Amino acid sequence: MTNSDHKTLVLGLGNVLMGDEGIGVEVVRALEQRGVPDGVECLDGGTGGFTLLEPLENADRIILIDAAADENPVGTVTRTTPRFSRDYPPTLTAHDIGMKDLLDMFYIQGGQHEIILYAITIDPKQPIRMSLSAEGKAAAQVAVYQILSELRPPLHPNCWRTQPPELTATLNEGLPAVSLVRD
């Protein structure tokens, strides 16, 4: 299998009827509008479920985007490479249990694909709305930029960096600030 035969699944999770909780889906929609390289499939996973098992199994690399209710400041975008469902940050709705169960089933069935998670910290006490908050919009833009940077090959093929750095982005006074983080 050549590099061009590898398939990357970019899976956005969340409920768009609950404001920032739907940020994963909104990021996938933005990626589709901007255009992704060949071999990349963007999928609106909604609130998850076992119907997502087949797309997960058919991908060589999986990038998940989801809202998180973790200890980070609102608007933080964290890229991690979790190995087990217990490594995932807490999320807010029923898809939390379903997605973790789905990932456990994926691993039990021999899933060995690379999984990358972009967890975006949101305010769990936000008002219900059908759009992203200002912080959510800014964090979504940061996530789109980071994911596109990861999906596109380097401009210089002989560049020393072959893996993207582990990144965390936090909103400072409404503007994204990015810092390097290690696993």
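Everything quoted here is computed from the prediction, not taken from an experiment.
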* Asked: Between atom CG of Asp66 and atom OH of Tyr118, what is the distance when rounded to the nearest 0.5 Å?
  -> 14.5 Å

* Asked: What distance separates Cys42 SG from Arg34 CZ, expressed to the nearest 0.5 Å?
  -> 12.5 Å

* Asked: With Val25, which residues qualify under side-chain contact (heavy atoms from CB on, under 4.5 Å), at least two apart?
  -> Val16, Arg29, Asp44

* **Glu150 and Tyr145: side chain donor to acceptor below 3.5 Å** => no

* Asked: Is Lys137 salt-bridged to Glu26, cutoff N-O under 4.0 Å?
  -> no

* Asked: Glu21 versus Ile122: any side-chain heavy-atom pair under 4.5 Å?
  -> yes

* Asked: Is the shortest heavy-atom distance from the side chain of Arg61 to the side chain of Ile116 under 4.5 Å?
  -> yes

* Rounded to the nearest 0.5 Å, how far does CD of Glu41 lie from CD1 of Ile63? -> 12.5 Å

* So do the side chains of Thr81 and Ile115 get within less than 4.5 Å of each other, counting heavy atoms only? -> no

* Asked: How about Arg129: does its CZ atom have over 12 heavy atoms from other parts shown lying under 6.0 Å from it?
  -> yes

* Structure fact -> Scanning both residues in full, the closest heavy-atom pair of Arg152 with Pro37 reads CG-CG, 4.0 Å

* Asked: Roughly how far apart are Asp70 CG and Thr78 OG1, rounded to 0.5 Å?
  -> 6.0 Å

* **Leu132 side chain reached by Ile23 side chain, heavy atoms, under 4.5 Å** => yes

* Asked: Less than 4.5 Å apart, any side-chain heavy atom of Val36 and any of Glu32?
  -> no

* To do: For the pair Val27 and Ile120, evaluate side chain to side chain contact (heavy atoms under 4.5 Å, CB included) and give the outcome as yes or no after the intermediate values.
  => CA-CA 10 Å; Val27 168; Ile120 303 171; 4.2 Å; yes

* Report the residues that fulfil side chain to side chain donor-acceptor pair (under 3.5 Å) with Ser133, sequence neighbours left out, ordered by chain and then residue number. => Asp20, Glu135

* For residues Ile65 and Ile147, determine if any side-chain heavy atom of one lies less than 4.5 Å from a side-chain heavy atom of the other. => yes

* Is any side-chain heavy atom of Leu56 closer than 4.5 Å to a side-chain heavy atom of Leu11? -> yes

* Asked: Mind checking what makes side-chain contact (heavy atoms from CB on, under 4.5 Å) contact with Gln141, not counting sequence neighbours?
  -> none

* Identify the two heavy atoms, one from Ala68 and one from Ala119, that lie closest to each other, and give their separation to 0.1 Å. => CB-CB, 4.0 Å

* Asked: If you measure from NZ on Lys7 to CG on Asp38, what distance do you get to the nearest 0.5 Å?
  -> 13.0 Å

* Is any side-chain heavy atom of Leu117 closer than 4.5 Å to a side-chain heavy atom of Arg79? -> no

* Nearest-0.5 Å distance, CD of residue Gln146 to CG of residue Leu151 -> 12.0 Å

* Structure fact -> Tested for side-chain contact (heavy atoms from CB on, under 4.5 Å) against Leu43, the lone hit among Val10, Leu52, Leu13, Val28 is Leu52

